[in-house]
Each structure stands twice: as structure tokens, then as C-alpha cells.
Protein chains: 2
Amino acid sequence: MKRNTWQRQAVRDALGERPGFVSAQELHASLRESGSPIGLATVYRALADLAVEGDADSLQSDEGEALYRACASSRHHHHLICRSCGRTEEIEADDVEEWAAATAARHGYTEARHIIDVFGLCPACSAG
Amino acid sequence: MKRNTWQRQAVRDALGERPGFVSAQELHASLRESGSPIGLATVYRALADLAVEGDADSLQSDEGEALYRACASSRHHHHLICRSCGRTEEIEADDVEEWAAATAARHGYTEARHIIDVFGLCPACSAG
DNA sequence: CCCGCTATTGATAATCGTTGTCAAAAGCCT
DNA sequence: AGGCTTTTGACAACGATTATCAATAGCGGG
Ligand SMILES: [Zn+2]
Ligand SMILES: [Zn+2]
Ligand SMILES: [Zn+2]
Ligand SMILES: [Zn+2]
């Protein structure tokens with residue numbers, strides 16, 4: 001069975017305090033700065049677990065890094081992400097979901113999934 | 001100025017013969033098998049150049065690998081990709097383009113871009 | 001056609017994110 | 001508390017990508 005360790009909770013908490021996506025390395029550094037002696041491998045494992053359990057969303061950055069974010073809604077959704085500060089909004093659109101499924105079907109593709117992310121500059125960063 | 005080398009042409013050709021996305025490593029292996037003595041670093045460089053010039057599309061795989069594909073149309077488009085064999089169809093959808101732009105704008109985000117990829121099993125792989 | 005300049009190549013080392021290893025530490029029972 | 005297992009974390013290993021740099025080879029001029 002899965003055990004309750006302060007490490008997993010620390011990762012969960014640290015992730016929850018972030019307004020946007022972070023890498024495992026960044027989160028680890030941030031935890032260490034806060035005085036936590038948590039190990040890097042543990043942060044990687046905890047984030048992977050959270051993603052599997054649906055408590056965190058993950059995506060690959062442009063450079064191929066894995067980024068994570070605390071997942072607010074448990075429903076299927078996508079993200080609008082600030083390219084500059086990482087701030088993230090959760091977005092939904094049934095029309096787009098249908099379009100993705102229909103497009104796959106029209107070409108004879110089955111078991112369709114999709115990756116949809118919108119990047120921009122948030123109001124604060126647009127102003128700066 | 002940019003020089004014309006057989007290596008760059010070989011990468012361009014090899015990429016053009018592929019029906020879907022490939023990694024730099026795969027393309028390099030394939031070129032070597034065909035008897036070409038081209039170096040790995042050169043394949044990486046050539047692919048990066050092609051992507052910058054708009055002659056190739058690129059995306060990050062689930063595992064964080066960079067994948068490339070010869071770009072047929074120069075217009076903005078997306079891809080429907082077979083998860084099993086890599087076969088790829090180019091797809092377009094103005095509705096979705098508009099949705100992405102409108103969604104960003106509604107949240108006050110500017111300079112919006114997006115990543116939209118659909119993955120599934122192509123007809124051949126669905127049958128298997 | 002040959003020279004010379006400089007961009008390109010490619011073997012290799014270095015880097016970076018991530019995962020595997022395994023003994024020590026800590027949960028979770030009774 | 002005692003015992004059984006899971007989890008941890010320092011460290012090594014790994015795979016993809018990039019940097020290094022001497023040797024190679026376009027390309028333009030003579
Ligand atoms: Zn921002
Ligand atoms: Zn969706
Ligand atoms: Zn297929
Ligand atoms: Zn688009």
C-alpha cells in the first residue's frame with residue numbers, strides 16, 4: 001500500500017503554492033531553500049505519482065523538460081500559459097474536444113487523444 | 001553565407017522519404033544503414049536548420065525527444081499522428097485557430113501561440 | 001583550374017534532465 | 001516496542017542533445 005510521508009506532502013504543498021508550471025528541479029531547489037532536506041529523486045518520484053493519480057497536470061516544455069502543476073479540476077481540460085512568468089489558467093472547450101475526436105475519426109484514426117496548450121503573455125507580463 | 005553540402009541535402013532527402021515524425025537519432029541510423037557516413041552532430045544541426053527555415057515541422061515526444069518531419073504545406077497547420085507507427089496527416093481547422101486566439105484574448109493574454117497535436121492509431125495500426 | 005578563406009563537418013567530450021541502485025531510514029501494522 | 005515493507009536519498013548510470021576544435025571541403029576570385 002501507499003505510505004504517507006512528509007516528503008510527498010511537502011511536494012504536494014509546494015506544488016500547490018505555485019501559480020503555474022514548474023520543473024522537478026525548480027521545485028526541488030525551492031524546497032531546499034525553504035529548509036527542507038528532501039532529495040531530488042524523491043521530488044521526481046512524487047511528481048510522477050501525483051501526475052498518475054490525477055492530482056497534477058504535466059506537459060513537456062519547448063526544451064523537452066517535464067513541467068508540473070497542481071491540478072484544480074479533475075475534469076479533462078487544457079491550459080493557457082504565460083510564456084514569461086508561467087502563470088496558468090485552466091481552460092475547457094467542448095467544441096475543440098469534438099473537433100479533435102471528429103478529425104481523428106475522419107482520417108480513420110482510433111483511440112484518439114490530444115495535446116492542446118495555448119501560450120501567451122499574461123496581463124501583468126503584457127503590461128511590463 | 002550558407003553553404004550547400006551533400007550532408008544537408010542527404011538529411012533533407014531522408015526526411016522527405018519518411019511518412020511521419022522521426023528523431024534525429026533514428027534518421028542518423030537510417031542514413032548510416034544506407035551507406036552514408038554522415039555524423040550524428042551534423043544530422044542534429046541540419047534538422048534544427050530545417051525547422052528554423054520552415055522546411056520541417058518539429059514537436060516534442062511524450063518522452064521529451066525532439067521529432068521532425070518534412071513540412072509539406074507552408075501554411076500554419078497541425079498534425080494527426082499515429083502513436084504506433086508514426087504515420088502523420090497534416091490537418092487544418094480555422095475554427096480551432098480562432099478559438100485559441102479568442103480564449104487567450106478573453107483572459108487578457110497577448111501574443112498567443114498554441115500547440116495542438118492529435119494522436120491516435122492509424123487505420124493500418126488499428127487493424128493490426 | 002587552383003588558391004585561400006571560412007563555413008561546415010564529425011569524433012569526442014561535456015552537459016543536462018531523468019531514472020536506476022541499494023543500503024539506511026521511516027511507515028504501518030500488531 | 002518489534003517486525004515487515006515501502007520509501008528515501010546519495011550517487012552512479014543513462015539517453016538525448018550540445019559544445020569543442022582540428023581537419024575538411026564549399027565557394028568566389030584570380
Ligand atoms: Zn506572465
Ligand atoms: Zn481536450
Ligand atoms: Zn500507424
Ligand atoms: Zn494552429
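Heavy atoms only: backbone and side chains are in, while hydrogens, waters and symmetry mates are out. Each chain gets a letter, A, B and so on, in the order its sequence line appears, and its residues count up from 1.
- Positionally, the nearest nucleotide of DNA chain C for B:R3 lies more toward the 5' end than for the other of B:R3 and B:L40.
- Ring orientation note: the planes of A:H114 and A:H76 are nearly perpendicular, at an angle over 60° on the 30°/60° scale.
- Mapped onto DNA chain D by nearest heavy atom, B:T5 and A:K2 fall at different nucleotides, with A:K2 at the one closer to the 5' end.
- In this entry the distance linking CG of A:L47 with P of D:dT8 reads 12 Å, nearest Å.
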B:I81 and A:Y109: CA distance, side-chain angles, deciding distance, side-chain contact (heavy atoms from CB on, under 4.5 Å) verdict: CA-CA 9 Å; B:I81 303 156; A:Y109 281 56; 6.0 Å; no
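- Both A:I38 and B:Q60 sit near DNA chain D, but only A:I38 has its closest nucleotide nearer the 5' end.
- In this structure, the CG atom of B:D62 is 13 Å from the P atom of C:dT19, given to the nearest Å.
- In this structure, B:Y44 is not a member of the same hydrophobic cluster as B:Y68, with clusters built from ILVMFWY side-chain heavy atoms closer than 4.5 Å.
- An OP1 or OP2 oxygen of D:dT24 is reached within less than 4.0 angstrom by no side-chain nitrogen or oxygen of B:Q7.
- Looking at heavy atoms from C-beta onward, A:D95 lies out of side-chain contact with B:D95 at the 4.5 angstrom threshold.
- Comparing atom distances between the A:N4 side chain and each of C:dT9, D:dA16, C:dC28 picks out C:dC28 as nearest.
- By the 4.0 Å N-to-carboxylate-O rule, B:R69 lies close enough to B:E90 to be salt-bridged with it.
- Salt-bridge formation is not detected for the pair A:R106/B:E89: no Lys NZ or Arg NE/NH1/NH2 atom is positioned less than 4.0 Å from an Asp or Glu carboxylate oxygen.
- Between C:dT18 and A:Y44, a contact under 4.0 Å exists linking OP1 or OP2 to a side-chain N or O.
- Across D:dA16, D:dT8, D:dA19, the shortest atom-to-atom separation from the side chain of A:R8 is found for D:dT8.
- Between the P atom of D:dA16 and the CG atom of B:L27 lies a distance of 14 Å, rounded to the nearest Å.
- Side-chain contact between A:V11 and A:R45 is absent, with no heavy atoms from C-beta onward closer than 4.5 Å.
- The nearest whole Å value for the distance from the CD atom in A:E63 to the P atom in D:dT17 is 13 Å.
- Inter-axis angle, ends of the helix from C:dC1-D:dG30 to C:dT30-D:dA1, five pairs per end, rounded to 10 degrees: 40°.
- A:Q9 has its CD atom 15 Å from the P atom of D:dT7, to the nearest Å.
- Distance NE2 (B:H28) to P (C:dT12): 12 Å, rounded to an integer number of Å.
- Between A:T42 and D:dT8 there is no side-chain polar atom (N or O) within less than 4.0 angstrom of OP1 or OP2.
- In this structure, A:Q25 reaches the bases: a heavy-atom distance under 4.0 Å links it to at least one base atom across the strands shown.
- No hydrogens or angles were tested; on distance alone, a donor-acceptor pair under 3.5 Å links the side chain of A:R45 to the base of D:dG9.
- Rounded to whole Å, atom P of C:dT19 lies 12 Å from atom CG of A:D49.
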side-chain hydrogen bond (donor to acceptor under 3.5 Å, both in side chains) between A:S61 and A:E63, intermediate numbers included: CA-CA 5 Å; A:S61 79; A:E63 299 82 28; 3.3 Å; yes
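- As rounded to whole Å, 14 Å separates atom C1' of D:dT17 from atom CG of B:L67.
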